[in-house]
Structure formats: C-alpha cells, structure tokens
Amino acid sequence: CIMRNIHKLICLTCFVILSSFVLASVPTGYYYQARGKSKGELKTALSDISHPLRVLSYGSGEGATWEGFFKADRNADNSVMDNYSTIVRYFNAYNSISEMAIEHSFPKSWWGGHENNAYRDLFHLYPTDSRANSAKNNFPLGEVASSIVYYNTLSTIGSNSFGAVYSGNAFEPADEFKGDFARSYFYISTIYESLYPLWNS
C-alpha cells in the first residue's frame, strides 16, 4: 500500500512537471491570431505569429548552424543523421565536418540567392554528404522513374514522373525522409511567404 502511494505520488509529480513544461512552451494566446482562419488567411496569420524569429548564424561554431545540427541531427552514438547518404560521419562538437555540407532543402537560388533569415533558418537546413548535396543541385523534389543520373541507395536524381507540370530532373529522397522535406517546404512557404515575389522554381 505504501509502495502504491509512493508510485501515485511519483506519477502525480511527473504529470505536474510535464504539464508545466507543456504550458510553458506555448504562451497563452500565442495562436489567437490564427483562430477561425483558413487557407491563405491562416497561412498569413501563422507567418505573422512566427516573427520575430531566433535564427542562428550561418556556419560552424557556437551559436551557428553546426551547433543546431549537433542538437537536432545527432544520433545516440554521436553520428550525424544524413538524409542524403548512408556514409557514417561523427560530430566534433559544433565544428563543421569534412566532406559534409549545409544543405538548403529549399534552394537559396529559388529566392534570388539572398542570404536572408530563410538562408540561415535551421528548419530547412540539413547536414549532408557533400557529393550528394552537389548532385542534388537546386532540383525540385519529385519522384524519379527513369533516366537516373545519380543514385547512392538513399537519394535518386533523374527525370521527374510526379504530376504533369515538370518533367526535368528531380531529387527524390528516401521514403523515410520525404515527410521531413515536405514539412520543411511547408514551413518555408508559410513563415517566409513575404519572399514569394522572389521565388523562382
């Protein structure tokens, strides 16, 4: 009976701590501007809510992109989660890693090559194998069915077969990462909708 009460007390304490954390993570009224909105109005409201953003410096070191990767893209064994390649590499604190690149999944050239906040925003940046990153170039995401020009067991580049609008070369990530890239694209097109006049893809 004593053990059961101790167990209940521990569960209650954990619940209170977790509840406090959840409530603390989203301030009251944070999404108020988005209530009752849909489609374009909802997208704009979410963009407005997101500002001002905290964006890391670009590159290696503390307070920069590679610190973000260290915290967001590190496996339990200190290896790098690479969505483009099966080559295993390991973090060296917040330093850049040889033969790896900072990949803009939403290519910089699509908004005119400007090094703005979108350029530095970790939500669409990935640590990737340099060779795979270079092969991907600024191709759009798609489904590759033929004319394969690059394949490394995880990433494929070739003629797009998805939809009827674009039939040029496309980049197809592995199935397990497609949702990650879809969320990155949705995020960029929402948070940085003001860049729309610059977009060219």
Side-chain angles (χ1 to χ4, degrees), residues 25-27 29-34 37-74 80-85 91 93-142 155 157 160 165-166 168-173 177-201:
S25 63
V26 179
Y30 184 78
Y31 288 109
Y32 182 78
Q33 287 178 267
K37 293 185 170 64
S38 63
K39 300 182 181 178
E41 283 186 337
L42 175 60
K43 186 168 168 285
T44 298
L46 293 173
S47 179
D48 292 342
I49 288 167
S50 73
H51 295 285
L53 295 167
R54 180 179 178 267
V55 180
L56 298 173
S57 300
Y58 189 80
S60 182
E62 189 173 344
T65 313
W66 279 95
E67 178 182 359
F69 288 160
F70 182 84
K71 293 178 177 177
D73 298 283
R74 182 167 52 114
V80 182
M81 290 182 209
D82 184 347
N83 295 5
Y84 283 22
S85 167
F91 279 100
Y94 303 152
N95 300 308
S96 59
I97 299 169
S98 179
E99 299 182 4
M100 293 202 84
I102 298 172
E103 159 62 352
H104 295 80
S105 64
F106 196 105
K108 169 175 98 165
S109 62
W110 288 8
W111 61 72
H114 302 286
E115 296 187 4
N116 47 33
N117 278 350
Y119 173 79
R120 293 181 284 274
D121 197 314
L122 193 65
F123 203 89
H124 82 115
L125 303 179
Y126 295 90
T128 60
D129 172 66
S130 295
R131 186 166 178 264
N133 180 53
S134 180
K136 189 236 179 198
N137 198 352
N138 63 354
F139 296 129
L141 295 177
S155 301
I157 297 169
N160 179 51
V165 176
Y166 176 77
N169 278 346
F171 172 77
E172 181 173 0
F177 301 125
K178 288 178 180 175
D180 296 339
F181 291 112
R183 283 185 289 276
S184 290
Y185 274 50
F186 178 73
Y187 171 86
I188 291 292
S189 65
T190 299
I191 304 306
Y192 298 101
E193 70 172 13
S194 61
L195 297 180
Y196 178 76
L198 302 174
W199 292 353
N200 176 26
S201 64

Spacing of CZ belonging to Phe177 relative to CE belonging to Met81, to within rounding of 0.5 Å: 9.0 Å
Minimum heavy-atom distance Val55-Arg120, with the two atoms named: CG1-CB, 3.3 Å
CG-CH2 distance between Leu195 and Trp110, expressed to the nearest 0.5 angstrom: 14.0 Å
Note, Tyr187 side chain near Phe106 side chain (heavy atom, < 4.5 Å): no
Residue Tyr31 excluded, over 12 heavy atoms near OH under 6.0 Å: no
CZ on Arg54 to CG on Leu122, rounded to 0.5 Å: 10.0 Å
Nearest heavy-atom neighbours spanning Ser184 and Ser105: CB-OG, 3.8 Å
Test log, rule ring-ring contact (aromatic ring centres under 6.0 Å, His included), inputs Tyr84 and Tyr126: CA-CA 9 Å; Tyr84 283 22; Tyr126 295 90; 7.2 Å; no
Shortest non-hydrogen contact between Tyr94 and Ser60, atoms and distance: O-OG, 3.4 Å
Whether over 12 other heavy atoms sit under 6.0 Å from Tyr58 OH: yes
Asn133 (side chain) donor-acceptor with Glu103 (main chain) under 3.5 angstrom: no
Close side-chain approach of Glu172 and Ile157, heavy atoms under 4.5 Å: no
No-hydrogen, no-angle side-chain donor-acceptor test under 3.5 Å, Asp121 and Tyr192: yes
4.5 Å side-chain heavy-atom contact, Pro173 and Leu141: yes
CG on Asn160 to CZ on Phe139, rounded to 0.5 Å: 11.5 Å
NE2-OH distance between His124 and Tyr119, expressed to the nearest 0.5 angstrom: 9.5 Å
Euclidean distance, Thr65 OG1 relative to Asp73 CG, rounded to 0.5 Å: 11.0 Å
Closest contact, heavy atoms only, Ser50 versus Tyr30: CA-OH, 4.3 Å
Side chain to side chain, Thr128 and Asn83, heavy atoms closer than 4.5 Å: no
Pairwise side-chain contact, Glu99 with Arg131, heavy-atom cut-off 4.5 Å (strictly under): no
Non-hydrogen atoms of Thr190 and Lys43 that approach each other most closely: CG2-O, 3.6 Å
Chi angles and distances behind the side-chain contact (heavy atoms from CB on, under 4.5 Å) call for Asn137, Phe171: CA-CA 9 Å; Asn137 198 352; Phe171 172 77; over 6 Å; no
Residue pair Glu193 / Thr44: nearest heavy atoms and the distance that separates them: OE2-OG1, 2.7 Å
pair Tyr32-Ile49: side-chain heavy atoms closer than 4.5 Å: no
